[in-house]
Amino acid sequence: MSKPGAGIVAILPGGGGVEPSSPVQKVWKPELYKIQLDAPAPHPVRCQRTLDTTLEEQQQAMRLYGSEYHGIMGHLEAEQLLSQANDGSYLVRRSPKTDGCYHTLSVRFNKRTKHYKVFYKPGHGHYLREQDKHYETVHEMVADGLINFHMQLHASPIIQQINQQTKNCYQQSPYMTLNRRKLRALSNELGGKATAVGDDCDGSVTLKVSQQQEAPPQQKEVPQQQHQQQQLPVQATDPMPLVYEKPHNFKVHTFKGLNWCEFCANFLWGFTAQGVKCEACGFMAHNKCSELVPPKCVPDLKYIRGVFGTDLATMVQLHQCHIPFVVRRCVEEVEARGMLQEGIYRVSGFADEIDALKLALDRDGDKTDMSEATYGNVNVIAGTLKLYLRLLPVPLITFQAYPSFMAAGNAKQTEQLQLMAEAALRLPPAHYSCLQYMLEHLKRVASHYAVNKMNEHNLATVFAPTLIATPQHMTNLTEEIFMLSSLITHCETIFASSSSSMNSNSSS
């Protein structure tokens with residue numbers, strides 16, 4: 001099969017396939033997430049021998065550690081037992097020299113065995129040191145430790161960059177990029193409030209000078225230094241006034257699902273206590289990054305943080321759905337009034353209108369008015385859908401599944417569809433369902449090619465940088481476009497085959 005457009009290099013601005021008119025470019029950095037994917041998983045080594053401890057001690061240890069408890073065992077014996085085991089293998093033992101106040105965790109990593117004293121306190125869990133993290137199970141402790149070992153070994157340059165950041169990074173942070181319009185609206189509301197609020201010690205807002213009211217005459221005569229400080233211009237990139245102050249209330253947090261730091265844009269790695277979260281506004285960050293966040297907490301923002309930039313699996317679980325409402329609503333609107341629009345998905349809507357619709361969807365959710373009366377230009381709807389997909393921290397075709405899809409795209413024609421069906425099975429359920437939904441929609445768009453001029457190849461050219469986990473600086477997307485074009489063309493056959501495989505596996 002000859003590849004449509006073979007030899008054509010799809011040069012896309014920014015190295016990541018970002019459209020010039022897009023109001024928001026890709027903001028999340030995937031490197032730490034991809035590194036964590038390769039971290040070894042914990043694997044308990046079950047005890048196969050009779051323990052030479054008292055029955056009471058055995059019962060207590062089994063309750064705490066399970067069958068990976070090996071009783072009294074020296075470190076040399078533990079190392080010999082684990083010497084041929086895979087990375088991530090671990091066992092719990094009691095050192096012959098201890099009085100039983102602690103046990104020893106022996107874990108295999110990087111072809112070496114490490115030994116740690118492990119303690120347990122009822123109501124607090126397992127821990128290595130009192131001031132360290134506490135875990136409900138030793139399995140969780142090992143999982144978290146293996147990730148941290150792996151990150152220290154393979155991600156130290158990125159972690160070093162995170163530690164070398166300055167406060168100047170705040171204006172370019174994902175938090176500001178995704179919430180700029182919301183912050184500006186909330187800032188305007190704050191600007192009309194009282195001209196001064198006392199120096200509160202309870203964390204309340206301090207507004208020293210109102211944006212919309214002139215100071216009374218008796219207050220105009222101030223020392224020259226203070227006057228200059230009050231007249232500092234508000235930076236164009238900062239939607240919040242310089243005089244607005246409210247400290248964030250950061251607390252250590254265990255994040256569920258996949259989450260990224262809103263200051264540095266890197267993945268919040270780890271198994272538990274991956275970072276901190278402001279209890280007032282919801283700002284999420286690495287502990288180190290939180291030290292650089294300025295005291296501009298906006299509690300009202302917590303209620304309109306919305307869905308853009310949130311992990312897909314987290315979103316469908318939160319809303320108990322198969323397809324995110326943003327995708328569903330935009331597709332329904334495009335199919336209602338955009339199928340015959342020439343250049344649909346290729347022609348961009350106005351950036352300001354896309355940004356306004358994004359804010360409305362974040363604020364009003366599924367109840368957002370997306371009617372033609374409110375958004376007459378259907379390209380705004382199409383652009384908002386592309387924006388939502390572009391801002392997913394993990395693309396629709398994930399980092400793990402990307403190589404399989406590309407291998408399928410380069411395979412012989414007789415094998416291609418079956419290999420694509422197998423590649424689809426590597427997707428998480430949320431990504432599988434949403435990709436199927438999107439491909440079937442794009443196939444329906446392509447069926448009107450005679451009018452809208454958007455066939456499968458043209459649509460693939462537009463969506464390849466958005467749907468596929470392409471390497472960050474990759475500009476030649478010829479093979480990705482061909483693969484996605486094949487997915488669109490044969491989506492019904494591919495997903496029927498993969499669904500059949502899932503059903504046969506579940507029944508067996």
Side-chain angles (χ1 to χ4, degrees), residues 17-24 306-309 312 315-316 319 321-392 395-397 430-468 481 484-485 487-492 495:
V18 179
E19 298 165 51
S21 60
S22 299
V24 180
V307 296
F308 285 79
L312 182 66
M315 184 55 54
V316 298
H319 289 267
C321 61
H322 293 291
I323 308 298
F325 72 85
V326 175
V327 175
R328 175 175 52 79
R329 290 291 309 279
C330 288
V331 165
E332 289 173 352
E333 205 66 34
V334 168
E335 294 200 354
R337 54 190 176 98
M339 301 294 269
L340 304 181
Q341 177 81 21
E342 183 172 339
I344 187 68
Y345 289 120
R346 178 180 56 79
V347 177
S348 299
F350 292 111
D352 285 346
E353 292 185 33
I354 293 174
D355 202 20
L357 178 54
K358 169 184 173 292
L359 173 60
L361 287 163
D362 274 342
R363 182 188 59 232
D364 302 327
D366 205 359
K367 299 179 181 178
T368 302
D369 181 7
M370 297 172 60
S371 64
E372 187 170 4
T374 305
Y375 297 96
N377 184 357
V378 73
N379 292 317
V380 171
I381 308 294
T384 302
L385 174 58
K386 289 189 294 181
L387 175 63
Y388 173 80
L389 296 170
R390 187 181 308 122
L391 290 178
L392 288 175
L396 212 51
I397 294 179
H431 289 252
Y432 179 96
S433 297
C434 193
L435 179 63
Q436 180 181 6
Y437 186 82
M438 278 300 304
L439 293 174
E440 291 174 352
H441 163 64
L442 294 178
K443 184 174 178 63
R444 289 192 290 271
V445 173
S447 69
H448 298 276
Y449 167 69
V451 179
N452 62 34
K453 310 301 182 187
M454 296 299 290
N455 59 16
E456 290 86 351
H457 181 262
N458 294 340
L459 289 167
T461 303
V462 172
F463 275 94
T466 298
L467 299 184
I468 302 173
I481 291 169
L484 184 56
S485 178
L487 274 177
I488 297 172
T489 302
H490 305 289
C491 61
E492 294 176 356
F495 282 91

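Heads up: numbering here begins at 1 and tracks the sequence. Any value given below was found using the heavy atoms of this structure, including those in side chains, with hydrogens, waters and symmetry copies removed.
- Taken to the nearest 0.5 Å, the CZ atom of R346 stands 9.5 Å off from the NZ atom of K386.
- Residues L389 and L385 form a side-chain contact, since some pair of their non-hydrogen atoms from C-beta on lies under 4.5 Å apart.
- Using modelled atom types, one side-chain atom of H431 and one backbone atom of P395 make a donor-acceptor pair closer than 3.5 Å.
- Between V307 and F325 the shortest side-chain heavy-atom distance falls below 4.5 Å.
- The closest side-chain heavy-atom distance from V326 to T368 is not below 4.5 Å.
- In this structure, CG in N452 is found 8.0 Å from CD1 in I344, a value given to the nearest 0.5 Å.
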Inset, instruction - Check the pair V331 / M438 against side-chain contact (heavy atoms from CB on, under 4.5 Å), numbers first and verdict last. - result: CA-CA 8 Å; V331 165; M438 278 300 304; 4.1 Å; yes

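- Within the model, atoms CD of E456 and CD1 of I481 stand 14.0 Å from one another, a figure rounded to the nearest 0.5 Å.
- No option in L439, L459, T461 other than L439 meets the side chain to side chain contact (heavy atoms under 4.5 Å, CB included) test with L484.
- With a 4.5 Å cut-off on side-chain heavy atoms, D366 and R329 count as touching.
- Counting only heavy atoms from C-beta outward, the side chains of M370 and L361 approach each other to under 4.5 Å.
- More than 12 heavy atoms of other residues, nucleotides or ligands lie within 6.0 Å of NE2 in H319, so this atom counts as buried by the packing criterion.
- Interatomic distance, L357 CG to D362 CG, rounded to the nearest 0.5 Å: 9.5 Å.
- The CD atom of E342 sits 10.5 Å away from atom CG of N379, with the distance rounded to the nearest 0.5 Å.
- Dense packing is recorded around CD of E440, with more than 12 heavy atoms of other residues, nucleotides or ligands lying under 6.0 Å away.
- Contact of the V316 side chain with the P324 side chain is registered, since non-hydrogen atoms from C-beta on lie closer than 4.5 Å.
- Counting all heavy atoms, side chain and backbone alike, S433 lies closest to I323 at O-CD1, 3.5 Å.
- The shortest distance between side-chain heavy atoms of Y375 and T384 does not fall below 4.5 Å.
- Between V347 and Q341 there is no side-chain heavy-atom pair separated by less than 4.5 Å.
- The distance from the CG atom of L392 to the CZ atom of F308 is 10.0 Å, given to the nearest 0.5 Å.
- Closest heavy-atom contact between S485 and A460: N-CB, 3.5 Å.
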